[in-house]
Amino acid sequence: MTFVAIIIATFIVMEPVAYLAHRAIMHGVGWVLHASHHLPRETRFEANDLFPIGFALPTIILFWQATSHHPILLPIAIGITLYGAAYSFVHDFYIHQRLGTIPKVRYLEYLKRCHALHHLYNEEPYGMLAPVIPARLRPMMQLEVVQNWNPSSIKS
């Protein structure tokens, strides 16, 4: 596999990895931190913001190992980093508008509605860039509360 193909494959594999981490860790043992994300924000930062730091550590180790012992790990580390950047852009910047508003983009608006469904009902979908909506929840995507969900406001 070429360098670029490994980056692309890693990026694609990261969606199910992120899904599992979100479902098993963030909605499991890590709920003590993640719960802050499901409440109206009272400050600029929330306890949930510690997750990206923790999730970045294995990638930092991959970069270190790639430069010192195993060059094949470099495209894997790059793929993970690119996925993390895309996830952060979609989740934090577009959906939650943590740095202000961004012009609307059709697919990103769909992702926002998927994320609204997750926040409003605290279940599926756990994925971010390619979320899978179970058939039983698809009709809920049309609900006004999902269509008009606004997570960006900080509670005063």
Side-chain angles (χ1 to χ4, degrees), residues 1 5-63 65 73 75-99 102 104-155:
M1 214 187 256
I6 294 171
I7 292 171
I8 293 168
T10 302
F11 185 96
I12 292 168
V13 167
M14 282 306 298
E15 179 67 9
V17 169
Y19 171 96
L20 291 171
H22 188 181
R23 185 169 184 170
I25 297 171
M26 298 166 93
H27 282 264
V29 297
W31 182 251
V32 66
L33 297 175
H34 188 60
S36 68
H37 181 62
H38 284 262
L39 300 169
R41 265 187 299 133
E42 296 182 3
T43 63
R44 175 82 65 208
F45 297 100
E46 52 195 42
N48 186 69
D49 292 335
L50 294 172
F51 278 112
I53 296 166
F55 291 152
L57 290 175
T59 309
I60 292 166
I61 292 168
L62 283 176
F63 274 115
Q65 287 296 308
L73 297 177
I76 295 170
I78 292 170
I80 294 169
T81 300
L82 290 174
Y83 180 86
Y87 186 108
S88 292
F89 172 77
V90 169
H91 182 263
D92 294 321
F93 303 142
Y94 190 86
I95 294 174
H96 289 282
Q97 301 174 351
R98 291 183 76 175
L99 294 179
I102 296 173
K104 290 184 178 185
V105 176
R106 188 174 181 175
Y107 185 69
L108 297 180
E109 285 297 304
Y110 168 74
L111 295 180
K112 182 178 178 179
R113 288 191 312 276
C114 292
H115 198 60
L117 189 64
H118 170 70
H119 270 260
L120 291 167
Y121 301 101
N122 206 26
E123 60 171 302
E124 296 287 350
Y126 293 98
M128 179 54 60
L129 302 182
V132 176
I133 309 294
R136 67 182 174 76
L137 297 177
R138 287 184 196 136
M140 297 171 79
M141 290 287 286
Q142 302 309 315
L143 295 175
E144 188 175 335
V145 68
V146 173
Q147 296 285 324
N148 297 325
W149 181 68
N150 182 5
S152 64
S153 58
I154 295 178
K155 182 180 165 189

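Any value given below was found using the heavy atoms of this structure, including those in side chains, with hydrogens, waters and symmetry copies removed. Numbers for residues simply follow the sequence, beginning at 1.
Side-chain contact between H119 and P151: absent, with no pair of heavy atoms (C-beta onward) separated by less than 4.5 Å. Side-chain atoms of L117 and E123, non-hydrogen and from C-beta on, never get closer than 4.5 Å to each other. With a 4.5 Å cut-off on side-chain heavy atoms, K112 and H91 do not count as touching. With contacts defined as side-chain heavy-atom distances shorter than 4.5 Å, the pair P75/I7 qualifies.
The aromatic ring centroids of H118 and H37 lie 6.0 Å or more from each other. Aromatic rings of H38 and H27 (six-membered ring for Trp) have centroids within the 6.0 Å cut-off, being under it.
At a cut-off of 3.5 Å, with distance as the only test, no side-chain donor of Y110 or R106 sits close to an acceptor on the other residue.
Around atom OH of Y121, more than 12 heavy atoms belonging to other residues, nucleotides or ligands sit under 6.0 Å away.
Across every non-hydrogen atom of N150 and Q97, the tightest pair is OD1-OE1, 4.4 Å. Closest of all the heavy-atom pairs between S36 and N48 is OG-N, 3.0 Å. Taking every heavy atom of both residues into account, H22 and Y126 meet most closely at ND1-O, 2.9 Å. The minimum heavy-atom distance between L120 and V145, with the atom names listed, is CD1-O, 3.7 Å. Taking every heavy atom of both residues into account, G30 and F51 meet most closely at O-CZ, 3.5 Å. Contact record, A77 with T81: O-OG1, 2.8 Å, taken as the closest heavy-atom pair.
Between R136 and E124 there is no salt bridge, since none of the side-chain N atoms of the basic residue sits less than 4.0 Å from a carboxylate O of the acidic one.
With Y94 contributing its side chain and L111 its backbone, the two residues share no donor-acceptor pair below 3.5 Å. Judged by distance alone, the side chain of E15 and the main-chain N or O of L129 form a donor-acceptor pair under 3.5 Å. Checked by atom type and distance alone, the side chain of R98 pairs as donor or acceptor with a backbone atom of R44 at under 3.5 Å. The backbone N or O of I133 lies less than 3.5 Å from a partner atom in the side chain of R138, making a donor-acceptor pair. Judged by distance alone, with hydrogens and angles left aside, the side-chain atoms of D49 form a donor-acceptor pair with the main-chain N or O of E46 at under 3.5 Å.
Classified by interplanar angle (parallel below 30°, tilted 30° to 60°, perpendicular above 60°), the ring pair F89/F93 is perpendicular.
With values rounded to the nearest 0.5 angstrom, I60 atom CD1 is found 13.0 Å from Q65 atom CD. One finds the NE2 atom of H115 at 13.0 Å from the CG atom of L108 (value rounded to the nearest 0.5 Å). In this structure, CD1 in I61 is found 6.5 Å from CG in L57, a value given to the nearest 0.5 Å. The CG atom of L73 lies 5.5 Å from the CG atom of L62; values are rounded to the nearest 0.5 Å. Between the OH atom of Y87 and the CD1 atom of I80 there is a distance of 15.0 Å, given to the nearest 0.5 Å.
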Verdict with supporting geometry, F63 and I78, side-chain contact (heavy atoms from CB on, under 4.5 Å):
CA-CA 8 Å; F63 274 115; I78 292 170; 4.0 Å; yes
May I have the step-by-step check of side-chain contact (heavy atoms from CB on, under 4.5 Å) for M128 and M14, ending in yes or no?
CA-CA 10 Å; M128 179 54 60; M14 282 306 298; over 6 Å; no
